[in-house]
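Handing you a structure now.
The shown structure was predicted, so the numbers you read here are calculated from the model rather than taken from an experiment.
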Amino acid sequence: MDAFASFFDSQTGSANRWSYDSLKNFRQISPVVQAHLKQVYLTLCCTLVASTVGAYLHVLWNIGGLLTTFASVGCIIWVLSTPPYEEQKRVATLMAAAVFEGASVGPLIDLAVQIEPSILVSAFVGTALAFACFSAAAMLARRREYLYLGGLLSSGLSMLLWLHFASSLFGGSTAIFKFELYFGLLVFVGYMVVDTQDIIEKAHMGDMDYIKHALTLFTDFIAVFVRILIIMLKNASEKNERKKKRRD
């Protein structure tokens with residue numbers, strides 16, 4: 001109980017220290033690391049554009065599926081195994097991974113376009129706002145303040161993988177699907193914070209691999225986007241079903 005009390009006291013104290021000046025306080029992040037973060041987020045924006053192109057290609061030619069998923073995973077492994085000095089090759093492979101990832105998510109995006117296109121825009125804007133807010137919180141917090149959550153998030157991700165594996169073998173219910181959906185959203189939102197602080201800490205220690213760091217954040221962004229989009233599509237379909245029942 002004392003540990004919980006001290007935790008909430010520290011959170012209350014940190015909340016009291018927040019002000020407009022604290023929102024502009026990036027002094028704990030050195031100028032070199034700030035420049036690295038700009039490069040990371042610029043690369044992240046490029047990967048999101050590339051994934052949009054991949055999704056559009058699926059809508060045009062229906063190319064998304066299991067093959068593009070394997071291709072995306074293969075490109076990611078290629079990026080991570082390529083030496084950092086081969087920068088152009090790694091950037092090109094990262095963009096290819098983003099295109100294949102966008103094509104893999106393409107069937108879900110195509111479904112959203114068919115049901116209600118505004119859902120797609122709302123899901124992307126919601127994901128972007130969540131990403132911006134949680135990334136800013138990680139930058140403004142004290143260094144290494146949220147890194148302890150990494151172990152909890154890894155345990156949560158492991159539980160999701162085992163639960164999904166069990167559902168694939170023995171069949172799953174609607175309640176299990178909802179739990180995987182919402183708990184997975186919570187886990188990957190947490191990873192947005194932890195990975196941002198981990199990138200900052202690694203940069204302070206000399207790890208300036210902006211391609212690998214952008215890949216990490218891209219993975220978090222796509223994971224959150226997919227879950228938000230599924231939740232919104234599910235709510236829209238349930239709303240349409242209720243309307244049909246009222247008409248009947």
Q.
Quick check: is F225 connected to V113 through a chain of hydrophobic side chains (ILVMFWY, heavy atoms under 4.5 Å apart)?
A.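 Same hydrophobic cluster.
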Q: Find out whether Y41 and F131 are in side-chain contact, i.e. whether some heavy atom of one side chain is under 4.5 Å from a heavy atom of the other.
A: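 Result yes, sub-4.5 Å side-chain heavy-atom pair found.
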Q) What pairs of residues pass the side-chain hydrogen bond (donor to acceptor under 3.5 Å, both in side chains) test when at least one of them lies in residues 153-166, not counting sequence neighbours? A)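 As it turns out, the side-chain hydrogen bond (donor to acceptor under 3.5 Å, both in side chains) pairs with a partner in residues 153-166, which skip direct neighbours, are S154-Y191.
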Q) Taking only residues two or more places apart in sequence, or in another chain, which ones meet V32 in a side-chain contact (heavy atoms from CB on, under 4.5 Å)? A)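 side-chain contact (heavy atoms from CB on, under 4.5 Å) list for V32, sorted by chain: S30, M208.
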Q) Going hydrophobic residue to hydrophobic residue with side-chain gaps under 4.5 angstrom, can you get from F218 over to V224? A)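 Linked within one cluster.
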**Q.** Partner residues of E201 under the side-chain hydrogen bond (donor to acceptor under 3.5 Å, both in side chains) criterion, sequence neighbours left out
**A.**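 So E201 forms a side-chain hydrogen bond (donor to acceptor under 3.5 Å, both in side chains) with R143, R144.
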**Q.** Interatomic spacing from CG in L217 to NZ in K212 - rounded to 0.5 Å
**A.**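 Answer for the CG-NZ pair, L217 versus K212, is 12.5 Å.
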Q: Could you give me the CA-CA distance, side-chain angles and deciding distance for L108 and L233, then say whether side chain to side chain contact (heavy atoms under 4.5 Å, CB included) is met?
A: CA-CA 9 Å; L108 183 62; L233 285 173; 3.6 Å; yes
Q) Can you list the residues that meet the side-chain contact (heavy atoms from CB on, under 4.5 Å) rule with A214, with sequence neighbours excluded? A)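 A214 satisfies side-chain contact (heavy atoms from CB on, under 4.5 Å) with V40, T43 only.
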Q.
Once rounded to the nearest 0.5 Å, what's the spacing between atom CG of D220 and atom OG1 of T196?
A.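 Result: 7.5 Å between the selected atoms.
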Q) If every non-hydrogen atom of H213 is compared with every non-hydrogen atom of K202, which pair is closest and at what distance? A)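 Looking at all heavy atoms of both residues, the shortest contact is NE2-CD, 4.2 Å.
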Q) Any side-chain hydrogen bond (donor to acceptor under 3.5 Å, both in side chains) pairs touching residues 103-112, not counting sequence neighbours? A)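 Pairs touching residues 103-112 that pass the test: T68-S104, T69-S104.
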Q.
Holding to side-chain contact (heavy atoms from CB on, under 4.5 Å), I want the full list of residues that pass it with L160, two or more places apart in sequence or in another chain.
A.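 Result, side-chain contact (heavy atoms from CB on, under 4.5 Å) vs L160: E180, F183, V187.
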Q. Has E238 got more than 12 heavy atoms of other residues, nucleotides or ligands less than 6.0 Å from its CD?
A.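 Correct, the count exceeds 12.
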Q: Hey, could you give me the CG/CD1 distance between L44 and I211, rounded to the nearest 0.5 Å?
A: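 One gets 13.0 Å once the value is rounded to the nearest 0.5 Å.
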**Q.** Heavy-atom side-chain contact between M95 and F100 under 4.5 Å
**A.**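 When only atoms from C-beta onward are counted, F100 and M95 do not touch, as no gap falls below 4.5 Å.
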(Q) Test of understanding: clusters of I, L, V, M, F, W, Y form through side-chain heavy atoms closer than 4.5 Å, transitively. Do I115 and M232 belong to the same one? (A)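 Hydrophobic grouping puts I115 with M232.
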**Q.** Nearest heavy-atom neighbours spanning A223 and R227
**A.**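 Heavy atoms of A223 and R227 come nearest at O-NH1, 3.0 Å.
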Q) Taking ILVMFWY side chains as joined if any heavy atoms are under 4.5 angstrom apart, and letting links pass through other members, which residues group with L66? A)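 Answer for L66: F70.
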Q: Decide yes or no for H36 and I200: does some side-chain heavy atom of the first lie under 4.5 Å from some side-chain heavy atom of the second?
A: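 Counting from C-beta outward, H36 and I200 never come under 4.5 Å.
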(Q) With a 4.5 Å cut-off on side-chain heavy-atom distances among I, L, V, M, F, W and Y, is there a chain of contacts connecting I199 to I29? (A)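 Yes, because I199 and I29 connect within a single hydrophobic cluster, where side-chain heavy atoms sit under 4.5 Å apart.
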Q: Return the set of residues passing salt bridge (charged side-chain N to carboxylate O under 4.0 Å, His left out) with R90 (not counting sequence neighbours), or none when no residue passes.
A: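 With sequence neighbours excluded, R90 shows a salt bridge (charged side-chain N to carboxylate O under 4.0 Å, His left out) to D209, given in chain and number order.
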Q.
Going by the rule side-chain contact (heavy atoms from CB on, under 4.5 Å), which residues pair with V193 if we only count those two or more places apart in sequence or in a different chain?
A.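 F134, A138, Y146.
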Q.
Looking at every non-hydrogen atom in both residues, tell me the closest pair between F179 and M159 and how far apart they are.
A.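 Taking F179 first and M159 second, the nearest heavy atoms are CZ-CE, 4.1 Å.
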**Q.** Derivation and outcome, side chain to side chain contact (heavy atoms under 4.5 Å, CB included), residues L185 and I228
**A.** CA-CA 7 Å; L185 178 61; I228 290 178; 3.8 Å; yes
**Q.** All pairs passing side-chain hydrogen bond (donor to acceptor under 3.5 Å, both in side chains) where residues 48-65 contributes a residue, at least two apart
**A.**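 For residues 48-65, and leaving out neighbouring residues, there are no side-chain hydrogen bond (donor to acceptor under 3.5 Å, both in side chains) pairs at all.
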(Q) Closer than 3.5 angstrom, by distance alone: can the side chain of E145 be matched with the main-chain N or O of R142 as a donor-acceptor pair? (A)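 Pair found, side chain donor or acceptor close to backbone of R142.
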Q. Could you give the distance from CG (L37) to CG (L42), rounded to the nearest 0.5 Å?
A.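 Spacing of CG (L37) from CG (L42) equals 12.5 Å.
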Output side-chain donor-acceptor pairs under 3.5 Å for residues 72-85, partner residues at least two apart or in another chain, one line each.
unit_1	atom_1	unit_2	atom_2	d
S72	OG	A97	O	3.3
S72	OG	E101	OE1	3.2
S81	OG	I77	O	2.9
S81	OG	W78	O	3.2
T82	OG1	W78	O	2.5

Q: For the pair N240 (side chain) and A236 (backbone), establish whether a donor and an acceptor sit closer than 3.5 Å, ignoring hydrogens and angles.
A: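 Yes, the answer is positive, given that a donor and an acceptor are paired below the 3.5 Å cut-off.
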Q. Going from NZ on K178 to CD1 on I231, what distance comes out if it is rounded to the nearest 0.5 angstrom?
A.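 If we round to the nearest 0.5 Å, K178:NZ and I231:CD1 are 10.5 Å apart.
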Q: Please check if L157 and M192 belong to a single hydrophobic cluster, counting links between Ile, Leu, Val, Met, Phe, Trp and Tyr side chain heavy atoms closer than 4.5 Å.
A: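 The answer is yes; both residues are in one hydrophobic cluster.
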Q: Apply side chain to side chain contact (heavy atoms under 4.5 Å, CB included) to F221 and T47, showing your working.
A: CA-CA 11 Å; F221 190 98; T47 56; over 6 Å; no
Q) Are more than 12 heavy atoms from other residues, nucleotides or ligands located less than 6.0 Å from atom CG of L161? A)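 Yes, enclosed.
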What pairs of donor and acceptor atoms, side-chain ones from residues 118-129 against any protein atom, are under 3.5 angstrom apart with sequence neighbours left out?
unit_1	atom_1	unit_2	atom_2	d
S118	OG	E116	OE2	3.0
S122	OG	S118	O	3.0
T127	OG1	A123	O	2.7

